Amino acid sequence: MDQRAFEAALREELDKRIGEVSGYSDDAFGHIGTGEMLVVFLTCVLLPVVLVLVTR
């Protein structure tokens with residue numbers, strides 16, 4: 001397969017996928033609850049700050 005045909009097929013597939021995903025509603029991706037947000041905050045914000053302060 002030559003480069004132009006490959007890029008055309010790739011662009012066609014990408015356009016198809018973008019069209020599909022753009023039609024999704026917010027509910028399709030799910031809901032993040034309070035408990036999940038707490039875990040994310042503790043893991044991604046608080047834990048690194050504490051580790052930096054402790055290892056200084």
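Computed from a predicted model, the values in this text were never measured in an experiment. Just the heavy atoms: all of them, side chains too, but no hydrogens, waters or symmetry mates, feed the values below. Counting begins at 1 with the first residue of the sequence.
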Checklist entry - Counting only heavy atoms not in L14, do more than 12 sit closer than 6.0 Å to its CG atom? => result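 Above 12, so yes.
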Checklist entry - When you look at CG of D15, are more than 12 heavy atoms from neighbouring residues, nucleotides or ligands closer to it than 6.0 Å? => result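 Above 12, so yes.
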Checklist entry - Is a donor on one side and an acceptor on the other found under 3.5 Å between the side chain of T43 and the backbone of V40? => result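 Checked: no pair found.
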Item to check | Sidechain-backbone polar pair: E7 side chain, R4 backbone, donor-acceptor under 3.5 Å | outcome: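 No, because the side chain of E7 does not come within donor-acceptor range (under 3.5 Å) of the backbone of R4.
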Item to check | Nearest atoms (heavy-atom pairs only) where H31 meets E36 | outcome: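 H31 and E36 have their closest heavy atoms at O-OE1, 3.6 Å.
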Item to check | Heavy-atom closest pair, residues P48 and V45 | outcome: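 Closest approach of P48 to V45: CD-O, 3.4 Å.
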Next on the checklist: Is there a path of hydrophobic side-chain contacts, each under 4.5 Å between heavy atoms, that joins L38 and L46?
Outcome noted: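 Result: yes, single cluster for both.
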Checklist entry - Yes or no on salt bridge (Lys or Arg N to Asp or Glu O under 4.0 Å) for R17 and E13, after CA distance, side-chain angles and deciding distance? => result CA-CA 6 Å; R17 290 183 185 198; E13 180 67 21; 2.9 Å; yes
